[in-house]
Amino acid sequence: MPELPEVQTIVQSLARVLIRRRIDAVYINRQDVIRPAQFDLASHLAGRSLTHIGRRGKKIILQLDDGNRLYVHLGMSGRLSLEPSQAPARPHTHVILQFQSDQLRFVDPRRFGGIFWLGTDGSAEQGLGPEPLLMRPRQLALGLRGTRRSIKTALLDQSMIAGLGNIYADEALFAAGIDPRVPANKLTPKQIVRLNRAIKQVLRRALRHRGSTLRDYRDANGQAGRFQKLHRVYGRGAKPCTHCRTAIKRIVLGGRSTHFCPNCQKRSST
DNA sequence: AACAGCACCTGTAGGC
DNA sequence: TGCCTACAGGTGCTGT
């Protein structure tokens, strides 16, 4: 479900409320969303407070006052929601952190997400490429040079760039005027510069609109995002391109649906 | 050793 | 209404 803008939006709303607040209790309804398996999360969290909440790629990183850290990955359907303790818990609420009068609830119907204990030494960097908002064209060029996969598929590879997902990969390629099927190592230097700029531009705009809500994404306060209204290609198959009116095409690349304008995003464009 | 393909899960929307 | 299929903001494993 959530990509960088959605994750960042959640992090911001959580940080505003939870920093320095004590975790009074922890309720685990499903142990198997916690990694490592069998890890006793409750006893490591109870009585602690949060000193920092941040993000790396799509991981939400929580720092505790005893120096331990953990991260939450939301997978496709995960949510972190902050609700009054007495509010009824929705189905698939797997873990609850009890604060004074509120609860932070980890809800994840499909269970592709999870809660990962890092301890004091674990790193959230594992397998992650550069942060797209900080990325230099040279870093992008370096990564893309080494793969013949389609540029779309390459952008979804978190070790290439950390934080893009299916929506923002498609939107960035549209903004850059690049055909998603082009092999990554065939992009010209000019296209790479343009793509790097397009990625940042799309992500910043999405952040300003608090992410995209297609079906069930909500921030920590239950608010939907608004950026879906500004999508130019994602989910717009057969609709007219906002730029040239050509019908947006939907194809499958690397097993993921991919949307693009066959006129604005040409293989041959430089 | 890179890469395609599939598995992991549940919910929902659309066709008949 | 009910049954069936297709599809969904992601990733990790498998075999080639």
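Naming convention: chains lettered A, B, ... in sequence-line order (proteins, then strands); numbering from 1 in each chain.
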Notebook entry, point to check: Can you list, by residue number, the residues of residues 4-16 of chain A that have a non-hydrogen atom closer than 4.0 angstrom to DNA chain C?
Noted result: none
Next item on the list: Decide, applying a 5.5 Å centre-distance limit and a 30° plane-angle limit (both strict), whether A:Phe112 stacks on B:dC8.
Entry: yes
Check: Expressed in angstrom and rounded to an integer, what is the separation of A:Arg218 atom CZ from B:dG11 atom P?
Finding: 17 Å
Check: About how many Å separate CG of A:Leu207 and NE2 of A:His209, when rounded to the nearest 0.5 Å?
Finding: 11.0 Å
Check: Counting only side-chain N and O atoms of A:His92, is one of them less than 4.0 Å from OP1 or OP2 of B:dC9?
Finding: no
Next item on the list: Can you label the angle between the A:Phe116 ring and the A:Tyr71 ring as parallel, tilted or perpendicular, going by 30° and 60°?
Entry: parallel
Check: On a whole-Å scale, what distance lies between the P atoms belonging to B:dC6 and C:dA6?
Finding: 14 Å
Item checked: Side-chain N,O (A:Gln158) to OP1/OP2 (C:dT11) below 4.0 Å -> yes
Notebook entry, point to check: Rounded to whole angstroms, how far apart are CD on A:Gln126 and P on C:dT11?
Noted result: 15 Å
Next item on the list: Please state how far atom CG in A:Asp108 lies from atom C1' in B:dC8, giving the value in whole angstrom units.
Entry: 12 Å
Next item on the list: Report yes if a side-chain nitrogen or oxygen of A:Thr147 is closer than 4.0 Å to either non-bridging phosphate oxygen (OP1 or OP2) of B:dC3; otherwise report no.
Entry: yes
Next item on the list: Under 4.0 Å between any heavy atoms, over every strand shown, what does A:Pro109 touch: base, sugar-phosphate, or nothing? Just pick one.
Entry: sugar-phosphate
Check: Should the pair A:Asp170-A:Arg232 be classified as a salt bridge under the 4.0 Å nitrogen-to-oxygen rule?
Finding: no
Check: How about A:Ile178 and A:Gln265: do any of their side-chain heavy atoms sit closer than 4.5 Å?
Finding: no
Check: Which part of the nucleic acid, if any, lies within reach of A:Arg250 when heavy atoms closer than 4.0 Å are counted: base, sugar-phosphate only, or nothing?
Finding: sugar-phosphate
Notebook entry, point to check: Is the phosphate of C:dG10, meaning OP1 or OP2, less than 4.0 Å from a side-chain N or O of A:Arg256?
Noted result: yes
Item checked: For atom CZ of A:Arg110 and atom P of C:dT11, their distance in whole Å -> 13 Å
Notebook entry, point to check: Does any N or O donor sit under 3.5 Å from an N or O acceptor when you compare the side chain of A:Arg148 with the base of B:dA2?
Noted result: no
Checklist line | Value in whole Å for how far the C1' atom of B:dT12 lies from OH of A:Tyr217 | finding: 21 Å
Notebook entry, point to check: So, are A:Glu125 and A:Arg56 salt-bridged, with charged N and O less than 4.0 Å apart?
Noted result: yes
Item checked: Residues A:Glu6, A:Arg210: salt bridge by 4.0 Å N-O rule -> no
Check: Taking OP1 and OP2 of C:dT11, is either one under 4.0 Å from a side-chain nitrogen or oxygen of A:Arg111?
Finding: no
Margin query: Expressed as a whole number of angstroms, how long is the span from A:Asp32:CG to B:dT10:P?
Written below: 10 Å
Next item on the list: Respond yes when some side-chain nitrogen or oxygen of A:His73 is under 4.0 Å from OP1 or OP2 of C:dG10, and no when none is.
Entry: no
Item checked: Evaluation steps, salt bridge (Lys or Arg N to Asp or Glu O under 4.0 Å), between A:Arg79 and A:Asp108 -> CA-CA 6 Å; A:Arg79 274 166 75 164; A:Asp108 186 9; over 6 Å; no
Notebook entry, point to check: Partner of C:dC3 by Watson-Crick or G-U wobble geometry, both contacts under 3.5 Å, or none?
Noted result: B:dG15
Check: Can the ring centres of A:His44 and A:Phe39 be said to be less than 6.0 Å apart?
Finding: yes
Checklist line | Atom pair SG (A:Cys241) and CZ (A:Arg236), whose distance is rounded to the nearest 0.5 Å | finding: 7.5 Å
Next item on the list: Using the P atom on both, measure C:dT5 against B:dA7 and round to a whole Å.
Entry: 16 Å
Check: Taking DNA chain C as the partner, which of residues 201-216 of chain A come within under 4.0 angstrom of it by heavy atom?
Finding: A:Ser212, A:Thr213, A:Leu214, A:Arg215, A:Asp216
Next item on the list: Indicate whether OP1 or OP2 belonging to C:dC7 is found under 4.0 Å from a side-chain N or O atom of A:Ser257.
Entry: no
Next item on the list: Send over the distance from A:Asn166 CG to C:dG10 C1', rounded to a whole Å.
Entry: 9 Å
Checklist line | No-hydrogen, no-angle side-chain donor-acceptor test under 3.5 Å, A:Gln223 and A:Tyr217 | finding: no
Notebook entry, point to check: Contact class for A:Gly255 vs. all strands (heavy atom < 4.0 Å): base, sugar-phosphate, or nothing?
Noted result: nothing
